[in-house]
Protein chains: 2
Amino acid sequence: VSPRTGRRAGESGTKEAILDAARRRFAAVGYERSTMRAIAAKAGVDPALVHHFYGTKEQLFVAASGFPTIPSEVIKQVMTVGRSELGGTMARTLMDIWDTPSAQTQIAGLLRTALTHDSAMDMLRGFITSTIWDTLSEALGTDDAPYRASLVASQLVGLIMARYIVKVPPLADAPAEDVIAAVGSTLQRYLTGPLSRA
Amino acid sequence: VSPRTGRRAGESGTKEAILDAARRRFAAVGYERSTMRAIAAKAGVDPALVHHFYGTKEQLFVAASGFPTIPSEVIKQVMTVGRSELGGTMARTLMDIWDTPSAQTQIAGLLRTALTHDSAMDMLRGFITSTIWDTLSEALGTDDAPYRASLVASQLVGLIMARYIVKVPPLADAPAEDVIAAVGSTLQRYLTGPLSRA
């Protein structure tokens with residue numbers, strides 16, 4: 001970090017300083033062990049100001065990293081439907097977000113950084129575990145919920161890779177409704193169906 | 001390319017020259033448009049020698065890129081079982097390969113390169129399309145086989161990412177048999193089951 005001459009002016013300078021501090025802190029100690037208090041201290045501001053500008057730690061991470069959704073909000077939204085509709089609703093909700101060029105640029109950037117920097121990968125894993133897993137496990141309320149959530153993640157990450165990053169035909173160009181139907185059934189089984197050995 | 005003084009000696013020098021030429025050619029014009037003849041010319045050897053050392057273009061690509069399997073061989077092997085066992089057999093065959101540290105290192109390297117170099121991504125997509133898609137489509141023998149194959153790819157790429165690269169718990173540490181059962185059912189439906197909209 002190069003020394004700065006003078007202070008950054010006003011609110012936008014303060015917000016940028018908080019994002020800088022957050023990125024450094026998340027990268028240094030991971031998502032779970034980063035605290036809003038430590039990030040505030042690093043940015044030289046009161047913790048209340050960090051909450052004021054960015055809300056929760058999860059929301060701050062999303063702002064600092066370019067993660068394309070606030071996972072716990074998506075999951076809470078999905079979980080309002082009946083159990084038998086969870087898979088399709090999750091697929092539809094995420095496809096609505098991902099089928100935009102800006103989300104795809106963000107996702108590609110995140111994956112590129114994570115695959116080339118171990119600390120970024122650790123950070124991403126910690127974030128996913130702390131937000132998606134915990135919210136989803138709580139909502140499912142079963143002992144095997146974390147395992148089910150990780151199976152869901154495998155299909156969703158694969159869909160991102162195949163449709164948006166590697167762009168494998170014909171999945172890359174398939175109508176969203178077809179993909180929602182095909183992948184939604186998989187998510188439904190991973191969430192609530194039988195997983196046991198044959 | 002820097003000019004070389006003298007020739008590389010013997011068989012290992014020739015083999016390395018062929019791999020160098022193959023990597024440059026695949027990266028320059030993609031997998032589909034690369035020919036064994038052009039690669040041989042670039043390496044300054046007879047095409048018969050390229051076939052002698054490396055077999056098919058697919059096998060040469062695997063040798064040059066570090067791709068962890070010869071896709072058409074895996075698919076042919078999988079396709080010897082009955083239709084109702086395709087998904088589980090595919091999951092088992094691939095997990096046997098992937099559950100080794102050397103394969104994981106290769107896969108991580110390939111993905112890292114593909115995500116950071118557009119030409120490498122194009123090359124990888126071309127290879128997957130030309131080998132996996134074509135072999136699988138032929139074996140399935142249905143009009144929607146390429147779409148089914150790309151759905152299979154989405155789950156398999158996601159399994160690689162979640163279990164071996166991002167290492168999301170508890171999937172990363174789950175017994176292979178459990179993962180084979182859970183993912184095998186998904187592959188089975190993508191290959192032979194209903195995909196239509198609800």
Side-chain angles (χ1 to χ4, degrees), chain A residues 85 87-88 108-109 111-116 121-122 124-125 128-129 132-133 144-163 165-175 177-190 193-198, chain B residues 85 87-88 108-109 111-116 121-122 124-125 128-129 132-133 144-163 165-175 177-190 193-198:
Chain A
E85 293 165 54
L111 284 176
R112 192 176 292 127
T113 307
L115 280 168
T116 47
M121 183 65 87
D122 292 343
L124 190 62
R125 185 190 308 110
I128 292 172
T129 309
I132 307 182
W133 271 220
D144 62 358
Y147 179 55
R148 289 178 179 277
S150 64
L151 286 169
V152 166
S154 79
Q155 175 59 86
L156 292 177
V157 169
L159 179 60
I160 288 176
M161 290 288 294
R163 183 170 168 94
I165 314 284
V166 187
K167 297 193 170 83
V168 287
L171 181 59
D173 308 310
E177 288 299 323
D178 289 349
V179 180
I180 289 166
V183 170
S185 298
T186 299
L187 301 182
Q188 183 67 39
R189 190 171 57 81
Y190 287 162
L195 297 179
S196 58
R197 304 181 191 183
Chain B
E85 293 164 52
L111 284 176
R112 192 176 292 129
T113 307
L115 280 168
T116 47
M121 183 64 87
D122 291 343
L124 189 61
R125 185 191 307 110
I128 292 173
T129 309
I132 307 183
W133 271 220
D144 62 358
Y147 179 56
R148 289 179 179 278
S150 63
L151 286 169
V152 166
S154 79
Q155 175 60 86
L156 292 177
V157 169
L159 179 60
I160 288 176
M161 289 289 294
R163 183 171 168 93
I165 313 284
V166 188
K167 296 192 171 82
V168 287
L171 181 59
D173 308 310
E177 288 299 322
D178 288 349
V179 180
I180 289 165
V183 170
S185 298
T186 299
L187 301 182
Q188 182 67 38
R189 190 171 58 81
Y190 287 162
L195 297 178
S196 57
R197 304 182 190 181

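Model, not experiment: these values are computed from the prediction. Convention: sequence-line order gives letters A, B, ...; per-chain numbering from 1.
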*asked:* Heavy-atom pairs under 4.5 Å with chain B - which of A:V168, A:L159, A:T186, A:V157 has more of them than the others?
replied: A:T186

Just so I understand: if I count every heavy-atom pair under 4.5 Å between each of [options] and chain A, which residue has the most?
options: B:A162, B:A182, B:P146; value: B:A182
options: B:G193, B:G184, B:P169, B:A172; value: B:P169
options: B:Q155, B:M161, B:R163, B:M121; value: B:Q155

*asked:* Any non-hydrogen side-chain atom of B:L156 less than 4.5 Å from a side-chain atom of B:L187?
replied: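 Result yes, sub-4.5 Å side-chain heavy-atom pair found.
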
So what's closer than 4.5 Å to chain B heavy atoms on [X]: side chain, backbone, both or neither?
X: A:A114; answer: neither
X: A:L111; answer: both
X: A:T129; answer: side chain

*Hey, what do you get for CG (B:D144) to OG (B:S150), rounding to the nearest 0.5 Å?*
10.0 Å

*asked:* Looking at every heavy atom in both B:L195 and B:R189, which two are closest together, and how far apart are they?
replied: CD2-O, 4.0 Å

*Return the minimal non-hydrogen interatomic distance between B:L171 and A:Y147, and the atom names on each side.*
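Reported closest heavy-atom pair: CD1-CE1, 4.1 Å.
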
_Donor-acceptor under 3.5 Å (B:R148 side chain, B:Y190 main chain)_ = yes

